[in-house]
Enquirer: 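Okay, handing you the structure first.
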Number of protein chains: 2
Amino acid sequence: MAKNNSKEHSRSNAKTKAILEGAMQEFLAHGYAAASMDKIAKAAQVSKATIYSHFDDKEQLFSAVIQDLVKDKFQAVMSLQEHQSLEQDPKQVLSQIAINMLSNAKKDQTFQNFMRIILGESGRFPELAQTYVRSLAKPAIDTLSHYLQSHPNLKLGDSEAAARIVIGTLVYFVILQEMLHGKDILPLENDRLVNALTDLIVKYQP
Amino acid sequence: MAKNNSKEHSRSNAKTKAILEGAMQEFLAHGYAAASMDKIAKAAQVSKATIYSHFDDKEQLFSAVIQDLVKDKFQAVMSLQEHQSLEQDPKQVLSQIAINMLSNAKKDQTFQNFMRIILGESGRFPELAQTYVRSLAKPAIDTLSHYLQSHPNLKLGDSEAAARIVIGTLVYFVILQEMLHGKDILPLENDRLVNALTDLIVKYQP
DNA sequence: GTCTATACATCGATAGAC
DNA sequence: GTCTATCGATGTATAGAC
């Protein structure tokens, strides 16, 4: 039975959990470099030395926090695409998926801060960026691609590329409107984007 | 005649330029919080005190660097869409724009680091994020939207939404493949994406 | 195991000589 | 204007008591 990683402590106390939660709060609020171990200790209500008895150093704690967040967000992302029957109207199915994704992403400040960190630190923590790609982006794209591929009413030439188009459109919309605070500069209703997007997909004829 | 901003010195010496270049290098490499004024001074080959005689503090220096970068990148982004005649085949025009944008973004490490900072710091520097939206994203979207709107062979119902789809697809592709190091996890050829995307736009029938 | 106290480096920013 | 030298605060990490 293999222990999982880092130190000998995945004996997962309440302390470990408290540390991870405090660290998550601080990293999400201030980013990696600007988050301090002192503030994390205070947020977790433990001493700094206790943190270092559970995690090797700041980098490893950060890595553990991000991997926890990826796991959390996996549920949320995947649940959006579940239970989609091939018998329903694809225009309605796609619209519903898109609208749910947009409204979820927009109200979830934790998700936006999570994306900020993944993107902002992707140069210094490439393996964490790849964890995001492998565990969140790829499953979302693969699931949607499979749906587009197998629906009898859709005749898309390249379902994988089409899935990239749908998800890229939605994610960049959230980035521009919410994360980059662009909604007053570039206003656009959710419905207009979703309608144009699903129309392009559904009405496509090779 | 109004001086432009910050201090009384937009008397733009060689020193000011050296400071901005050194600061750009350090901020792009390490992000805002992890970049130090000492390292910036060394990179610019001036003393730290000289920096503070040209800029109020670290935040203001950062802001000046980002605004310089936005100006630089504006040229690059806009030149991609220029000189597109309404008489050419839109499929070819759009493909060319998309291919140029992808190949430029992929080889420009400075651009990728610039995007990392804009996104990563958008929570703590919302006004800089909005500068990006106003000066880069909006012009790109408006220009493309106007092209899609006015081309006689295209019958898109919502040109603005269509422009968002095109640009969102391309930007998220660069984010996933390059910035997040996903190209080995989610491989996809440029041409397949561009072809699927331009096909959707060009073959659309209301 | 968890704490307090502290070591030691580096941070942003400034004083004062020239 | 630009430098050297330095301030006080804060950073990560650890030693040692319990």
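So you know, we letter chains A, B, ... as the sequences are listed, proteins then strands, and number each from 1. Not measured: the values here are computed from a predicted model.
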Enquirer: Regarding A/D38, tell me which of base, sugar-phosphate or nothing describes its non-hydrogen contacts under 4.0 Å with the strands shown.
Expert: base
Enquirer: Without decimals, in angstroms, what is the distance between B/K42 NZ and C/dC11 C1'?
Expert: 12 Å
Enquirer: Distance check needed: C/dC11 P versus B/D57 CG, whole Å only.
Expert: 17 Å
Enquirer: Donor-acceptor check, side chain of A/Q81 to backbone of A/A140, threshold 3.5 angstrom: yes or no?
Expert: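 Yes, the answer is positive, given that a donor and an acceptor are paired below the 3.5 Å cut-off.
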Enquirer: Which part of the nucleic acid does A/S36 contact within heavy-atom distance under 4.0 Å: base, sugar-phosphate only, or nothing?
Expert: sugar-phosphate
Enquirer: Using whole Å, report how far CE of B/M37 lies from P of C/dA13.
Expert: 6 Å
Enquirer: Using atom types as modelled and distance alone, determine if a side-chain donor or acceptor of A/T198 lies under 3.5 Å from a backbone N or O of A/V194.
Expert: yes
Enquirer: Of the candidate nucleotides D/dT2, D/dT14, C/dT2, which contains the atom at the shortest distance from the side chain of B/K15?
Expert: D/dT2
Enquirer: Distance-only, no hydrogens or angles: does the A/Q112 side chain make a donor-acceptor pair with backbone N or O of A/K106 under 3.5 Å?
Expert: yes
Enquirer: For A/K91, I'd like to know if atom NZ has over 12 heavy atoms of other residues, nucleotides or ligands within 6.0 Å.
Expert: yes
Enquirer: Specify the separation, in whole Å, of atom CD1 of B/I51 and atom C1' of D/dC3.
Expert: 13 Å
Enquirer: What is the nucleic acid contact for B/A34, judged by heavy atoms within less than 4.0 Å: base, sugar-phosphate only, or nothing?
Expert: nothing
Enquirer: Which nucleotide in the list D/dT12, D/dT14, D/dC3 gets nearest to the side chain of A/K58?
Expert: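 Of the candidates, D/dT12 comes closest.
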Enquirer: Could you state the CZ-C1' distance from A/F55 to C/dG1, rounded to the nearest angstrom?
Expert: 15 Å
Enquirer: Phosphate oxygens OP1/OP2 of D/dT2: is one of them under 4.0 Å from a side-chain N or O of B/T50?
Expert: no
Enquirer: D/dC7 P sits how many Å from B/Y52 OH, rounded?
Expert: 17 Å
Enquirer: Using a strict 4.0 Å threshold on nitrogen-to-oxygen distance, state whether B/R192 and B/E189 make a salt bridge.
Expert: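 No, B/R192 and B/E189 are not salt-bridged.
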Enquirer: Check the distance between D/dT12's P and A/E59's CD and give it to me in whole angstrom.
Expert: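 Between P of D/dT12 and CD of A/E59: 12 Å.
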Enquirer: Do B/K48 and C/dG12 share a donor-acceptor pair, side chain to base, under 3.5 Å?
Expert: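 Side chain to base: pair present.
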Enquirer: How would you label the contact of A/A41 with the nucleic acid (heavy atoms, under 4.0 Å): base, sugar-phosphate, or nothing?
Expert: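 No contact.
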Enquirer: Without decimals, in angstroms, what is the distance between A/I40 CD1 and D/dT12 C1'?
Expert: 11 Å
